[in-house]
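Worksheet: one structure, shown below.
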Amino acid sequence: MRQSHLFLPTERQPPADAEALSHKLMVRAGLIRQVGAGLWSWLPAGWRVHEKVVDIIREEMDAIGGQELLMPVMHPAELWKKTGRYGFSEQFRLDDRKGAPHVLAMTHEEVVTFHVGNSVRSYRQLPMMLYHFQVKERDEPRPRAGVLRTREFIMKDSYSFDLDEEGLQVSYDKHAQAYARMLDRAGIEWYSVESDVGMMGGSSAHEFMAPCGAGEDDVALAPGYAANVEVASATPQPVPHTELTGDQETPGLTTIEAVAEHLGARPGQLLKAFPVVTESRGLVMAFVRGDHRVNEIKLRNALKEELRPATPAELEERGLHAGFLGPTGDLPSVFDEAIVPGPYIVGANRPDLHTVVEIPAGERLDFRTVEAGDTVNGNPITIEPAIEVGNIFKLGTRYSEPLGATVLDTNGKDRHVVMGCYGMGPARIAAAAVEQFADEKGISWPKSIAPWDVHVIAAGKPGTDEANAAAALYDELRGAGLEVLLDDRADGPGAKFADAELLGVPLRLTVGKRGLAEGKAEAMQRRGLTQLEGVALDDPIETVKQQWLDVP
RNA sequence: CGGGGAGUGGCGCAGUCUGGUAGCGCACCCGGCUGGGGGCCGGGCGGUCGCAGGUUCAAAUCCUGUCUCCCCGACCA
């Protein structure tokens, strides 16, 4: 591609409202442009990156027996009503000209299950694995950070269909292995973590995370351990029990910090009350150590039902006072694992008073948020931000039951197919690569997903010997099968180098007066801006191919 | 949804408080010089100041309404 006619609008300054590194750089480098909140166009260079990621994903999906198809973005609402997924706040809904309700797909469980249910009859056809790359529409409450969180994006979603749980485990493992190969090939840093099964239902889930500063998730890491903080468990750091006894006047002190400071105690010597309301239990008091935070997801999973924080009004109805809550015989209570038996400073359930009570041994649940420094198998954990680039879920019969997707088993009986679903976001992989490898000059693509293999810079205006030699080099490299971008613009060399470093093509060859005198092009690796050996212009191909193999 | 902020040329911004000819840098076009790190000189193109209504002799500026976008949080199959 000749840069003089490439739609590559680079900018010296990032958009004023951009925060995330990948947002700033992808806009500056001319890869993406915003159309509306969470709605982005991919410009030619950006789209090349996106499609390189897609190609890698497709190859690995095919390698585990995936069959690519294509399902529509717009679905009749009826299908989603059957699975109880009609009416989500993130769901785009619309009516057709006849007034029939439709939805824009957030994902494709309903449709793929509909097809399999209609057309697969026998266990002999299983296992089956179907996938596509398709636009997903989600009316996110808060799109952010360029293409990291958008309202419309392309996802590779695949679905496995098996006769039983054992089969599902095989399909699940195949996906986990394929995902590892995809992300390794894409050249990004990643790890897989245990994750919450969330609203998808089902029994097991892993997320594939790419660590980066703009990440939206926090991941707890220790040797041999990696989990989303949403579900992570760890051994807490110990705190000695309080030596106080009896009632403690705490006028107007409603926070852990204020009470602890007033009494000369450590926050961990207090108990924090977190009142929640659940469907079956009503108001429940959940207690964690004062220096810990309740993790609502873990609490939900521990109580095995949906919950929400109690409102101040609900507390007042019971004569309770926010800020001075403590254990009471009137209400069911649950205690976090970190609360070892012994005395704790707790709210006295009346204003301006705390008291020390003995918390006996008893049932404990794990529902606190882990913190850096907690340990797993004796090793302290660290917590770092990461972006979720893929996930795998065991769905079981969550969708095959409501949609009636059954096959006949060896006994001739109908059985609901056992499903798994597996997502992977090419845009997030691209953005994660930007985040992970960018330097102060711009992007540095892993070569497997770079928009071009080689960037040839003509350090001379059009018509000069340098420009002609650069064009000849460009033709020759292309003829050898490399993907090459030629900067044939009339700009000065400084502007060209700056744009090249912003765009991040892994290998740069500069043809200028200086090298031309010796019949050479200068070579530079983008990663680290490392100077390589010059390339002989009369026989460049082997050298350049080797250099390309050597770059990251 | 709660809190905060912003809409003025392609990008980044000033002007708004105190109403009076719409400005600056970059980019872009033309001419010239320059040609290995965003170079220089000269001349240009380009804007219903988000939208609607109101006040006024006069509105980017004041008033009312509305839309959009961003950031933090909540949320996030």
Side-chain angles (χ1 to χ4, degrees), chain A residues 7 9-20 23-24 27-28 30 33-40 80 83-86 88-91 103 105-110 136-146 148-151 153 155 157 159 195-202 205 207 214-217 228 230 296-297 308-309 387-388 391-395 398-399 419-423 425 428 441-442 457-467 470 487 489-502 508 510-517 521-522 524 529 531:
Chain A
F7 183 37
T10 57
E11 296 289 345
R12 288 175 84 144
Q13 290 166 306
D17 48 27
E19 285 292 318
H23 181 186
K24 292 179 185 174
V27 171
R28 283 191 57 210
R33 281 294 186 271
Q34 184 167 17
V35 177
L39 303 172
W40 290 83
W80 290 71
T83 59
R85 295 211 299 173
Y86 184 70
F88 276 80
S89 55
E90 288 79 19
Q91 190 170 51
V103 304
M106 315 170 77
T107 180
H108 285 77
E109 281 81 9
E110 277 78 2
K136 301 291 179 275
E137 303 280 353
R138 301 182 182 183
D139 196 0
E140 292 286 347
R142 189 153 100 78
R144 57 178 291 276
L148 280 181
R149 183 158 210 90
T150 56
R151 294 198 295 171
F153 61 97
M155 181 162 85
D157 43 320
Y159 305 90
S195 69
D196 185 46
V197 294
M199 305 289 286
M200 287 298 290
E207 289 166 341
E216 297 186 295
D217 292 276
N228 195 313
E230 288 177 351
E296 287 185 44
I297 293 170
R308 61 173 175 80
I387 184 73
E388 178 186 350
N391 54 39
I392 58 180
F393 284 96
K394 289 185 184 176
L395 291 173
R398 164 68 181 85
Y399 295 92
M419 293 174 54
C421 74
Y422 317 90
R428 284 188 170 181
K441 299 284 190 180
I457 308 284
K461 59 183 167 185
T464 58
D465 290 346
E466 304 95 275
D487 194 344
R489 297 176 299 171
D491 299 71
K496 293 183 178 183
F497 294 146
D499 273 349
E501 282 148 17
L502 186 57
R508 178 171 105 198
T510 304
V511 182
K513 224 183 280 179
R514 219 191 265 164
L516 198 55
E522 290 152 71
M524 181 178 274
L529 296 174
Q531 198 77 40

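When distances run from any side-chain atom of A:Asp17 to the nucleotides B:G36, B:C69, B:G38, the shortest one goes to B:C69. Closest to the side chain of A:Gln34, from the set B:G38, B:C70, B:G36, is B:C70. If you check B:C70, B:C13, B:G36 against the side chain of A:Pro493, the one that comes closest is B:G36. Of the candidates B:G12, B:A74, B:G37, the closest approach to any side-chain atom of A:Ala16 belongs to B:G12.
The distance from atom NZ of A:Lys24 to atom P of B:C71 is 11 Å, rounded to the nearest whole Å. Rounded to an integer number of Å, the gap from A:Glu501 CD to B:G37 P is 12 Å. For the pair A:Phe7 CZ and B:G10 P, the interatomic distance rounds to 13 Å; values are reported in whole Å. As rounded to whole Å, 12 Å separates atom P of B:C13 from atom CD of A:Glu11. For the pair A:Arg144 CZ and B:C76 P, the interatomic distance rounds to 15 Å; values are reported in whole Å. Atom CG of A:Leu148 and atom C1' of B:C70 are 15 Å apart (whole Å). Whole-Å rounding puts the A:Arg142 CZ to B:G4 P distance at 15 Å. Distance A:Ile457 CD1 to B:G36 P: 14 Å, rounded to the nearest Å.
When both distances must be under 3.5 Å, the Watson-Crick or G-U wobble mate of B:C1 is B:G73. In a base pair of the Watson-Crick type (N1 to N3 plus N6-O4 or O6-N4) or a G-U wobble (N1-O2 and O6-N3), with each distance short of 3.5 Å, B:G42 is matched with B:C30. The base-pairing partner of B:C13, taking Watson-Crick or G-U wobble contacts with both distances under 3.5 Å, is B:G23. Across all strands shown, B:C62 forms a Watson-Crick or G-U wobble pair, both distances under 3.5 Å, with B:G54. Using N1 to N3 plus N6-O4 or O6-N4 for Watson-Crick, or N1-O2 and O6-N3 for G-U wobble, each under 3.5 Å, B:C49 pairs with nothing.
Using a 4.0 Å heavy-atom distance criterion, A:Arg489 is classed as making no nucleic acid contact. Residue A:Pro9 is out of contact with every strand shown, counting any heavy-atom pair closer than 4.0 Å. If you check every strand for non-hydrogen atoms under 4.0 Å, A:Gly492 touches a base. When heavy atoms are screened at a 4.0 angstrom cut-off, A:Arg28 is found touching base atoms of the nucleic acid. Among the heavy atoms of the strands lying under 4.0 Å from A:Glu522 is at least one base atom, whether or not backbone atoms are also near. If you check every strand for non-hydrogen atoms under 4.0 Å, A:Ala498 touches a base. Within the nucleic acid shown, A:Ala490 comes within 4.0 Å of at least one base atom, counting heavy atoms only.
Between A:Tyr86 and A:Glu110 there is no side-chain heavy-atom pair separated by less than 4.5 Å. Residues A:His23 and A:Leu148 form no side-chain contact, since every pair of their non-hydrogen atoms from C-beta on lies 4.5 Å or further apart. The closest side-chain heavy-atom distance from A:Arg508 to A:Ile457 is below 4.5 Å.
Each of A:Ala18 and A:Glu90 has a nearest nucleotide on RNA chain B; the 5'-most of these lies closest to A:Ala18. Of the two residues near RNA chain B, A:Glu230 and A:Arg151, the one whose nearest nucleotide lies more 5' is A:Arg151.
Sorted by first and then second residue, the side-chain hydrogen bond (donor to acceptor under 3.5 Å, both in side chains) pairs with a member in residues 489-498 of chain A read A:Asp487-A:Arg489, A:Arg489-A:Asp499; sequence neighbours excluded.
Going from the C1' atom of B:U64 to that of B:U56 covers 16 Å, rounded to whole Å. Annotation: B:U68 and B:G50 have their C1' atoms spaced 7 Å apart (nearest Å). B:G25 and B:G44 have their P atoms separated by 14 Å, with the value rounded to a whole Å. Spacing between B:A6 and B:U61 at atom P, rounded to whole Å, works out to 16 Å. Nucleotides B:C63 and B:U18 place their P atoms 10 Å apart, quoted to the nearest Å. Separation of the C1' atoms belonging to B:G47 and B:C13 is 15 Å when rounded to the nearest angstrom. Nucleotides B:U48 and B:G37 are separated by 42 Å at their C1' atoms, to the nearest Å. Rounded to a whole angstrom, the distance from the C1' atom of B:C45 to that of B:G10 is 13 Å.
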Protein heavy-atom contacts under 4.0 Å, written 5' to 3' over nucleotides 23-31 of chain B as B (base), S (sugar-phosphate only) or - (none), form the string --BS-----

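The phosphate of B:C76 has neither OP1 nor OP2 within less than 4.0 Å of any side-chain N or O from A:Arg149.
For A:Arg398 against A:Thr83, the heavy-atom pair with the smallest separation is NH2-O, 3.0 Å. Nearest heavy-atom pair across A:Ala18 and A:Lys24 is O-CE, 3.3 Å.
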*A:Lys513 and A:Asp465: side chain to side chain contact (heavy atoms under 4.5 Å, CB included), yes or no, with the steps?*
CA-CA 8 Å; A:Lys513 224 183 280 179; A:Asp465 290 346; over 6 Å; no

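A donor-acceptor pair under 3.5 Å is absent between the side-chain atoms of A:Glu140 and the main chain of A:Arg142, judged by distance alone. A:Arg28 places a side-chain N or O within donor-acceptor distance of the main-chain N or O of A:Glu11, the cut-off being under 3.5 Å. Listed for the A:Arg151 side chain is no donor-acceptor partner under 3.5 Å among the backbone atoms of A:Glu137.
Side-chain N/O atoms of A:Arg508 and base N/O atoms of B:G37 include a donor-acceptor pair closer than 3.5 Å.
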